Amino acid sequence: MSPSALSPPPSPSPSSSRPRILIPEKLSPEGLSLLSSANLDIDLRPPGSLTPSALLELIPSYHALIIRSETKVTSQVLSAPSSKLKVVARAGVGVDNIDVEAATKQGIIVVNSPSGNIRAAAEHTIALLLATARNIPRGDASLKGGKWERSKLVGIEVGGKTLGIIGLGKVGFQVARMAIGLGMNVLGVDPYASPEIAKRAGVTELRPKLDDEVLGKVDFLTVHTPLLASTVGLLKEEEFKKMKKSARVLNVARGGVYDEEGLVRALDEGLIAGAGIDVFTSEPVKSGSWAEKLSKHEKVVSTPHLGASTVEAQENVSVDVCREVVEILRGGLPTAAVNAPLILPEEYRRLQPFVNLIERMGSLYTQHFGSGRRFELVYHGELASITNTRPLFAALIKGLVSSISDAGGRDVNIVNATLIAKERGISVDEKHAGDGNSGLTYASAVTLKSLSSTEESTGFDEQVIEGYVSGKQVFISKLDKFAANFQPEGTLLILHNYDEPGKIGNVGGVVGRHGINITFMQVAGLNREARQAVVDGPVDGTENKHAAKEALMILGVDGDVTEELLDELKKSEGILDISLVRL
Ligand SMILES: NC(=O)C1=CN([C@@H]2O[C@H](COP(=O)(O)OP(=O)(O)OC[C@H]3O[C@@H](n4cnc5c(N)ncnc54)[C@H](O)[C@@H]3O)[C@@H](O)[C@H]2O)C=CC1
Ligand SMILES: O=C(O)C(=O)COP(=O)(O)O
């Protein structure tokens, strides 16, 4: 009998609850309006109002967390029990206040705004450069204090001076261009920067490492690296000793790149002339700390982490991250994820139906055949030309593991799929079939095949599932050695049986007696190769009179499928095997 769908299975009902977003920091309204128009629930808390323990307690009820630099997103927050958290969005650049590794393990996407506040940070650096050179804050305070002090506040010019920039990334590059505009000579230190880009910015010299020659040469030094193991304490008292006594240092990157104690001592001892500091190791600065001493030092122009605090930058970062959050909560993929491979939105839209198909194929595999370890995933037709198959791989892992475990309480996604596959010993060979459209009814199809025996033998000899997409609907076209054509949705009873008269009536009767409603039924016969194998006969010459009559009966059912029902079906005449699949 040829496969036939008697009636379509029901589609899943949509969830009624709106995703919730916690925002414990100041975020510009431009982004917030994007969240509200996407019908998301926003919980705005005043900056500084949430203690770490309050955050830990609250976090399980939110799907997204949007923060700036004040909130510490620890591994505890990220692995809070019963958490629904899908995304942590940093409305800015630096993610050093987020435990990104812990987020990756939990499958939580971390996004940022990679360039929304770059100009603001660069301009603030230049503001501090000029303020330290010309004693602006001291002049202002002195005048407001009723004094007229001119000779005490003589500054230095920046034009013609040498500025050293450690970290020639996005901010460093802008600082270089602005400084060149002020007539400065710029020297860069960055092991990874491209010499061509540096040259384009007007940087006269690019060094891979901070050395004594650089330290002795610069009149101003500014750091624009992230806070990394290699950049913590990059300059200590020892380095300041090697600088000109007239030199001034700036930090609009992260507190800790200059060792704060070393810098305070260098300023006290007159090893250098001054500093402009926007960022500290404790923010707000802790009472009695070196950060506090530094911020209060008379030779330091200090600002309370204002690098990104411009109206324009805050609009940019707010819009950037809110857009990402909306997309992620809609089930899409981010474009600025810190811990997920980049995928373009149009590419993702194209892959989306196949993501759905492959996840269902993975789940069908595990529930029908048992849990496998080594797989081959073959992309046919137009799909074979896709190079970024990360979402498809992630969908397979999700499908394979989600029906048998909760992946350690984690949601499997593009962020943590590789990690989870590794933890569970699953390997997947992805193949792009060079078969063009030959033999395919649809433009693209996917085959999932086990390369090893399953942990539990299921009695099915060929562990293959093939599927395709038509419009937005997904179909299974091959299961085991049977040619099928059904939508992998809802609860399915898959019976491996001898296709003999009366079978459908018997099975329908048993299912009906147990109060289960059949939503569709389909009989899948042997596919072409399997039929041919029966005609050719077994290699040992023995006869298999039943083989030609083997079939799968696929039932979409509604209601509670009990063990008793499964037992009764298993005992029915001519039933070889049965599996219950929930998709
Ligand atoms: N104060 C504020 O409000 C703001 C601070 N920032 C901070 O500025 C920093 C830089 O931001 P972007 O330029 O966007 O980052 P980026 O990633 O574009 O550039 C960082 C650069 O540092 C270089 N680098 C890394 N390790 C280095 C090392 N050991 N020595 C020398 N160079 C090294 C990298 O090669 C890269 O070119 C970040 O820490 C960020 O958080 C950014 C915006 C605002
Ligand atoms: O973007 C960054 O890295 C910043 O440091 C800006 O921090 P903020 O968002 O102003 O708390």
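All values derive from a computational prediction rather than experimental measurement. Just follow the structure's listing: the first ligand is 1, and inside any ligand the first atom is 1. In what follows, every heavy atom counts, from backbone to side chain, and hydrogens, waters and symmetry copies are set aside. Along the sequence shown, residues carry numbers from 1.
The atoms of ligand 1 that sit less than 4.0 Å from any heavy atom of Ile166 are 31 (C). Here is the list of ligand 1 atoms found below 4.0 Å of a heavy atom in Val252: 1 (N), 2 (C), 4 (C), 5 (C), 6 (N). Each of the atoms 37 (O) of ligand 1 lies under 4.0 Å from some heavy atom of Leu168. Interface of Ile118 with ligand 1, defined as ligand atoms under 4.0 Å from a residue heavy atom, comprises 14 (O). Atoms of ligand 2 found under 4.0 Å from any heavy atom of Val93, numbered from 1 in the order shown, are 1 (O), 2 (C), 3 (O). With ligand atoms numbered from 1 in the order given, ligand 1 contributes 1 (N), 2 (C), 3 (O) to contacts under 4.0 Å with heavy atoms of His305.
Of the charged side-chain nitrogens involved, at least one lies within less than 4.0 Å of a carboxylate oxygen, so that Arg330 and Glu327 count as a salt-bridged pair.
Both the backbone and the side chain of Thr225 come within 4.0 Å of ligand 1, judged by heavy-atom distances. Here Ser113 has no heavy atoms under 4.0 Å from ligand 2, in either its backbone or its side chain.
Residue Arg90 places at least one N or O, backbone or side chain, under 3.5 Å from an N or O of ligand 2. Between Arg68 and ligand 2, an N or O atom pair is found at a separation short of 3.5 Å. Taking distance alone, with nitrogen or oxygen atoms compared against 3.5 Å, Arg254 approaches ligand 2 more closely than that limit.
Residue Gly307 places no heavy atom under 4.0 Å from ligand 2.
Remark: the backbone N or O of Ile197 is paired with a side-chain donor or acceptor of Ser194 at under 3.5 angstrom.
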